[in-house]
Amino acid sequence: MRWAWALLLVMLALPSLAQERSAMARVDLAGSSLTAEGRDKGKPRPLELRLGLSGPVPYRVYFLDGPPRLVIDFREVDFSAADADALAGRSLVPALRWGRFRPGWSRLVMELPGPYALRLAVQNGLQGGAAGAQVMLRLEPVPQAEFRSRGNALSALWDLPEPSLPAMSATPRQNQVLRVALDPGHGGHDPGAEVGAIRESAVLLSFARELSEVLTRAGYDVVQTRNDDSFVGLEQRMTIARAAQADLFISLHADALPEGQAAGLSIHVWNPDSDDRAARQLAARHDRSDLVTGLDLQGTDDQVAAVLMDLARQQTQPRSEAFAKFLLAELTRAKVPMHARPVQGAAFSVLKSPDIPSVLIELGFLTDPRDRANLFNPEWRQSTSNAIAAAIAAWSQDDAVRAGLSRR
Ligand SMILES: [Zn+2]
């Protein structure tokens, strides 16, 4: 467990979250406190933080250094009605802040009087069957050498920026131009499918550039995960999209046709349970490209992050699926030859972003003569790009309406 040092402890309360995803837990100041053990002799003392909540929530705990801080990320707690400075025992620590951190996430940051270690973290239901829960953390002072702050080894997905307090990230990208992350697959030492001198990585890069132009003309912001023939790891592709605050992630591929499979364009959305043989083969092939460089990123998806990502994805997944439907409608309207199963679930790890709707478009199979001819046909590329742009337009309208409905 080489990740154990970085990830200290997490408590999960999945059933309650599934039941009341819309009802966010609220913090209850009356049931919350910070206490210190022993007499104040001017040295850091063991601390106990209790947080009363209206219901159990998943959370994770870790430390940051410079100055030493305890961070708790919740999914999700409404802190808006409670002033952190009003917490009983607040004066025991140099600083305490909490609030909404980003959509779906809340964060508590407690500056510590010195280096500490987490000794205990529990989330209990309240006594007597009352609704609500209490998170209790017990911290003990440790020598600096034993202070385990979170390094950069955790998955980049969870290497979130510092919260912008007290604004509480009140800058959703509403009324802003929709930003699309285009991800031409492969690159560098990973050419993808090869047919003679044709390399999938090069075909995808030029398609992405054309599509990028079409989208830019249609009024969208476009970021590309790669702009040249360089290798970009799978997690890095998602990180680039996240750093750019992309609203939509589109990965582009044109792989070799698995033997005995039909050709044509297909759209893939995340499905961890996908048992489709061809999709599994493709997924295995793609994920291997990261292993080639010795970056076995499987480990960075620590168990807990995976569970939390699954929770976040519960909200993103329907949006990805909706986009796939709009894509199918527009591509069909444009008479782009489609695969017999045009929309498929797949366990492509590049689709795993928990909060950015993501699809992978297999533009066609380079090994199939008709698909290959299409990929080199400017008219096909143009109409396919136009159809993708039209699908983005239709989806984003529909998505905005749904978002408005769910906020009511
Ligand atoms: Zn590919």
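In listed order, ligands and their atoms are each counted from 1. Sequential numbering from 1 along the given sequence is applied to the chain's residues.
- For Asp255, the nearest N, O or S atom to the Zn ion (ligand 1) falls under 2.8 Å.
- Of all N/O/S atoms in Glu200, OE2 sits nearest the Zn ion (ligand 1).
- With contacts defined as side-chain heavy-atom distances shorter than 4.5 Å, the pair Phe207/Val203 does not qualify.
- For the residue pair Gln245/Asp221, the side-chain donor-acceptor check at 3.5 Å is not satisfied.
- Taking the Zn ion (ligand 1) as reference, the nearest N/O/S atom within His253 carries the name ND1.
- With respect to Asp78 and Arg26, no salt bridge is recorded, no charged nitrogen being found less than 4.0 Å from a carboxylate O.
- A salt bridge links Asp73 to Arg107: one of the charged nitrogens lies within less than 4.0 Å of a carboxylate oxygen.
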